[in-house]
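Input: a single structure, listed below in structure tokens.
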Amino acid sequence: MTRTDQPDERDLLDHVLLPVAHEADALATARVLEPYDPEQVTALHVVEKGGGVPDKTPVEQSEELAAESYAAVRTVFPDADDHTAYDRDIVGAIFDAVDEVGASAIAYRSRDGNRLMQFLSGDLSIKLVTRSHVPVIALPREGATE
């Protein structure tokens with residue numbers, strides 16, 4: 001993980017990195033971010049690599065999933081950039097992408113799912129929030145009343 005010297009005076013929403021998992025997640029996350037009116041958005045899809053074992057999904061399938069996710073984000077943010085990372089460490093890939101695209105903040109939405117998914121997502125969320133070198137914006141889940 002590298003760290004880029006970024007100006008301290010930079011606005012939080014100058015350039016938001018938006019990690020997305022799949023098309024539905026990308027659309028929901030972009031819609032929740034939209035009212036905050038970021039200057040620039042870069043959608044990020046991390047293709048999780050196996051690290052010495054077979055990948056979870058074939059690269060072609062993962063790249064198609066990423067393309068669908070980017071298209072969904074662009075229905076909300078037509079000028080959004082995209083960035084695909086290939087890594088075993090999802091959180092590390094997000095931090096690396098921050099530096100690679102020059103993002104001012106990371107915006108994410110916690111994921112729904114069964115208890116195992118919530119546990120895994122929670123673990124990633126904790127790492128994201130506690131280890132980031134740029135601000136992390138936890139977006140509300142669509143329709144959340146709490």
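Quantities reported herein were computed from a predicted structural model and do not represent experimental measurements.
- Remark: Glu100 CD to Thr42 OG1 distance equals 11.0 Å, nearest 0.5 Å.
- A search for salt bridge (charged side-chain N to carboxylate O under 4.0 Å, His left out) contacts involving Asp82 returns Arg74, not counting sequence neighbours.
- For Glu68, the side-chain hydrogen bond (donor to acceptor under 3.5 Å, both in side chains) criterion is met by no residue, not counting sequence neighbours.
- Rounding to the nearest 0.5 angstrom, the gap separating the CZ atom in Arg109 from the CG atom in Leu33 is 11.5 Å.
- Nearest heavy-atom pair across Val76 and Pro78 is O-CD, 3.4 Å.
- Of all the heavy atoms in Thr130 and Ile126, the pair that sits closest is OG1-O, 2.7 Å.
- Contacts of Ala66 classified as side chain to side chain contact (heavy atoms under 4.5 Å, CB included), with partners at least two apart in sequence or in another chain: His45, Tyr70, Thr84.
- No chain of hydrophobic side-chain contacts below 4.5 Å, direct or via other Ile, Leu, Val, Met, Phe, Trp or Tyr residues, connects Leu27 to Leu65.
- If you take CG on Asp81 and CG on Leu17, they are separated by 10.5 Å, rounding to the nearest 0.5 Å.
- Between His133 and Phe95, the closest heavy-atom pair is CE1-O, 3.8 Å.
- Shown here for Ala105 and Leu12, the closest heavy-atom pair between the two residues is CB-O, 3.5 Å.
- Shown here for Asp14 and Glu39, the closest heavy-atom pair between the two residues is O-CB, 3.1 Å.
- In this structure, the separation between OG on Ser69 and CD on Glu64 is 10.5 Å, given to the nearest 0.5 Å.
- Two residues are said to be in side-chain contact when any heavy atoms from C-beta on lie closer than 4.5 Å; Tyr108 and Ser125 meet this criterion.
- One distance of note links CG of Leu128 with CD1 of Ile106; it measures 5.0 Å at 0.5 Å rounding.
- Listed for the Thr75 side chain is a donor-acceptor partner under 3.5 Å among the backbone atoms of Ala72.
- Residue-environment remark: OH (Tyr36) stays at or below the threshold of 12 foreign heavy atoms within 6.0 Å.
- For the pair Val73 and Ala30, the tightest heavy-atom approach, listed with the atom from each and the gap, is CA-CB, 4.2 Å.
- In this structure, Ser104 contributes its side chain and His15 its backbone to a donor-acceptor pair below 3.5 Å.
- To the nearest 0.5 Å, atoms CG (Leu18) and CG (Leu139) are separated by 7.0 Å.
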